[in-house]
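Just below is one structure, and these are the notes that go with it.
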There are 2 protein chains.
Amino acid sequence: MYEKERAQSSTHFTFGISVDCVVFGFDGSDVKVLVIKRGTEPYLNFSAIPGDLVHEQEDPLDATKRVLNELTGLKDIYLEQLKAFAGVNRHPLGRVVTIAYYSLIKISDYNPQPSSWATDATWTSIQDIEEMAFDHFEIFSSALNRLQERVRLRPIGFELLPEEFTLAELQYLYEKLLDQTFDKANFRKKILSMDLLIPLEKMQKAVRHRPARMYRFDSNRYADLTKKNFHFEL
Amino acid sequence: MYEKERAQSSTHFTFGISVDCVVFGFDGSDVKVLVIKRGTEPYLNFSAIPGDLVHEQEDPLDATKRVLNELTGLKDIYLEQLKAFAGVNRHPLGRVVTIAYYSLIKISDYNPQPSSWATDATWTSIQDIEEMAFDHFEIFSSALNRLQERVRLRPIGFELLPEEFTLAELQYLYEKLLDQTFDKANFRKKILSMDLLIPLEKMQKAVRHRPARMYRFDSNRYADLTKKNFHFEL
DNA sequence: TAATAAAGTGTTAAAAAAACACTTTATTAG
DNA sequence: CTAATAAAGTGTTTTTTTAACACTTTATTA
């Protein structure tokens, strides 16, 4: 019953451990996910979520950061574990338990990396995701659900926007993430009343109408407020 | 990069997979967790969360149900995966990745099982949990956090109560789970307005004051409402 | 029969959310 | 230079929800 005494005994089977990471981005119009195309069997030519096997002496979180860096060239990405997917037959070639993560990136920071396998990574709108290799569609769905819950209770939407953004862009992002609309005046009042946004002198450029003010998310302020028992909500 | 082609190659290392399950109960006064006492090294005599290694051809969810059944004699328990804990050095005797679950049971249904290892399982109040074997305290904390978030957004508190309960019992449970108090009149109005409770003819027994009406959670009604886009909240 | 202890209800005040109309302003077309 | 435009940005009212708190009811027990 205790896990430890058997850890090296015959009940210690051979499992493969992998990580898979659902990478979300926002291009200003749609919420997207980074999807790769498989080049080998099984599931040849199927879409899949980027991932890799975890090395023998590697923390899965580090493995995910490694994959993400190879894929996007980025470090210090917002990253959360979703959960493990570990069904007996989820992998046709053996027992592989995968630990799924999701991450949020600023899509403008993304630069396709010239690695052998990553050149065919493409941003796909979340409503266009369909069939995928292994149980990756299930992983994607879980990640999207989790993100939708999370984004209402934590100020993580900003991870998907440029450092500086307008209130209209922020509102539009939330509308796309949550698949609902908001009243402009009410949305502004709510988000500004939280006192989490720093208004900048800078104004929106290259639009053919009145330019909007740019804002920046104040993460220090959020940290302070959190200590004072403030809770972000939508 | 793809997980499949390496699944049987030399990069397929030997990991042990275990499950651990944080079992919550409510005795009418306190929210409790089922804790076992370890009888072997490492962490001899430390408190720990019940768990076991996952068999070679076993789904971790099934493994958890097996552990739970051996421990409590119960089946069909409310059970959710929390997440995987997989740090390189979390287990002193080898690489063991554990998938953590939490479950909610009606404490009155619990019967200590006479298995060799389970006789020393004890219900411990959540505020009394301290040092634990491995990273089990961290697992416990995560599970409690998750439960506190979950219980506000899903009608899962009822899993901890007897089938039939009074509104005062329900209120008291929520107060203990969330560590806050509620106004009696307002709590009643809110919970009854959701139309999720069936009032019974039966009244509370053996109290030395006016007996309260008993209620039952209407899970069919909840399923219906959910289809109509109803969202439970606190 | 009266005291009790908690069950259960009603009312009001305050705050938050929703609805919606309006004003402002940089840009561009004429 | 002026007017039309298109979206930015604000103000007001109504409705709903939450919070506070006092009160009434009723089975039990002394």
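So that the names make sense, note that chain A is the first sequence line, chain B the second, and so on, each numbered from 1. Since the model is a prediction, treat every value here as computed from it, not as a measurement. These numbers come from the heavy atoms of this one structure, side chains and all, not from hydrogens, waters or symmetry mates.
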Note to self: From CE of B:M214 over to C1' of C:dG8, roughly how many Å is that when rounded to an integer?
What the structure shows: 16 Å
Notebook entry, point to check: Counting only side-chain N and O atoms of A:K190, is one of them less than 4.0 Å from OP1 or OP2 of C:dA17?
Noted result: yes
Check: Can a cation-pi geometry be assigned to A:K83 and A:F85, taking NZ or CZ under 6.0 Å from the six-membered ring centre and within 45° of the ring axis?
Finding: yes
Checklist line | Residue B:R208, side-chain atoms from C-beta onward, closest of D:dA20, D:dT28, C:dT27 | finding: D:dT28
Next item on the list: Send over the distance from A:F182 CZ to C:dC20 P, rounded to a whole Å.
Entry: 17 Å
Notebook entry, point to check: Using purine N1 to pyrimidine N3 plus N6-O4 or O6-N4 for Watson-Crick, or N1-O2 and O6-N3 for G-U wobble, both under 3.5 Å, which nucleotide pairs with D:dT25?
Noted result: C:dA6
Check: Taking the side chain from A:T98 and the backbone from A:A100, do they hold a donor-acceptor pair closer than 3.5 Å?
Finding: no
Check: On a plain distance test, is the side chain of B:D183 in donor-acceptor contact with the base of D:dA19 below 3.5 Å?
Finding: no
Margin query: Parallel, tilted or perpendicular: which one describes the rings of A:F232 and A:F158, with boundaries at 30° and 60°?
Written below: perpendicular
Note to self: Let's test this: given Watson-Crick or G-U wobble pairing with both distances under 3.5 Å, identify the partner of C:dA29.
What the structure shows: D:dT2
Item checked: Donor-acceptor pair under 3.5 Å, B:K184 side chain vs C:dA6 base -> no
Next item on the list: Could you pick out which residue, A:P211 or A:N186, lies toward the 5' side of DNA chain D when each is mapped onto its nearest nucleotide?
Entry: A:P211
Check: Within the modelled atom types, does a donor on one side and an acceptor on the other bring the side chain of B:K189 and the base of C:dT11 under 3.5 Å apart?
Finding: yes
Margin query: Can you measure A:R188 atom CZ to C:dA17 atom P for me and round it to whole angstrom units?
Written below: 18 Å
Next item on the list: Map A:R213 and B:V207 onto DNA chain D by nearest heavy atom, then report which one ends up closer to the 5' terminus.
Entry: A:R213
Notebook entry, point to check: Hey, what's the ring geometry for B:F46 with B:Y43, parallel, tilted or perpendicular (30° and 60° as the breaks)?
Noted result: perpendicular
Next item on the list: Classify the side chain of A:R210 versus the base of C:dT24 as yes if they form a donor-acceptor pair under 3.5 Å and no if they do not.
Entry: yes
Notebook entry, point to check: Whole Å only: how far is the CG atom of A:L192 from the C1' atom of D:dT10?
Noted result: 12 Å
Notebook entry, point to check: Now, which nucleotide makes the Watson-Crick or G-U wobble pair with C:dA19, with each of the two distances under 3.5 Å?
Noted result: D:dT12
Next item on the list: Starting at atom CZ of A:F187, determine the distance to atom C1' of D:dT10, rounded to an integer number of angstrom.
Entry: 16 Å
Checklist line | Any donor-acceptor N/O pair, A:E169 side chain to A:T166 backbone, under 3.5 Å | finding: yes
Notebook entry, point to check: According to the Watson-Crick and G-U wobble definitions, with both distances under 3.5 Å, which nucleotide is paired to D:dT18?
Noted result: C:dA13
Notebook entry, point to check: Rounded to whole angstrom units, what separation is found between the CG atom of B:L167 and the P atom of D:dT25?
Noted result: 20 Å
Note to self: Side chain of A:A212, heavy atoms from C-beta onward: which of D:dA8, C:dA6, D:dC21 has the nearest atom to it?
What the structure shows: D:dA8
Notebook entry, point to check: Between D:dT10, C:dT9, D:dA7, which nucleotide gets closest to the side-chain atoms of B:A185?
Noted result: C:dT9
Checklist line | Separation of atom CD in B:Q204 from atom C1' in C:dA7, rounded to whole Å | finding: 9 Å
Next item on the list: Could you please name the option among D:dT10, D:dA7, C:dG8 that lies closest to any side-chain atom of A:H209?
Entry: D:dA7
Check: Looking at B:K37 and B:D120, does any basic side-chain N land under 4.0 Å from a carboxylate oxygen?
Finding: no
Check: Whole Å only: how far is the NZ atom of A:K205 from the P atom of D:dA8?
Finding: 16 Å
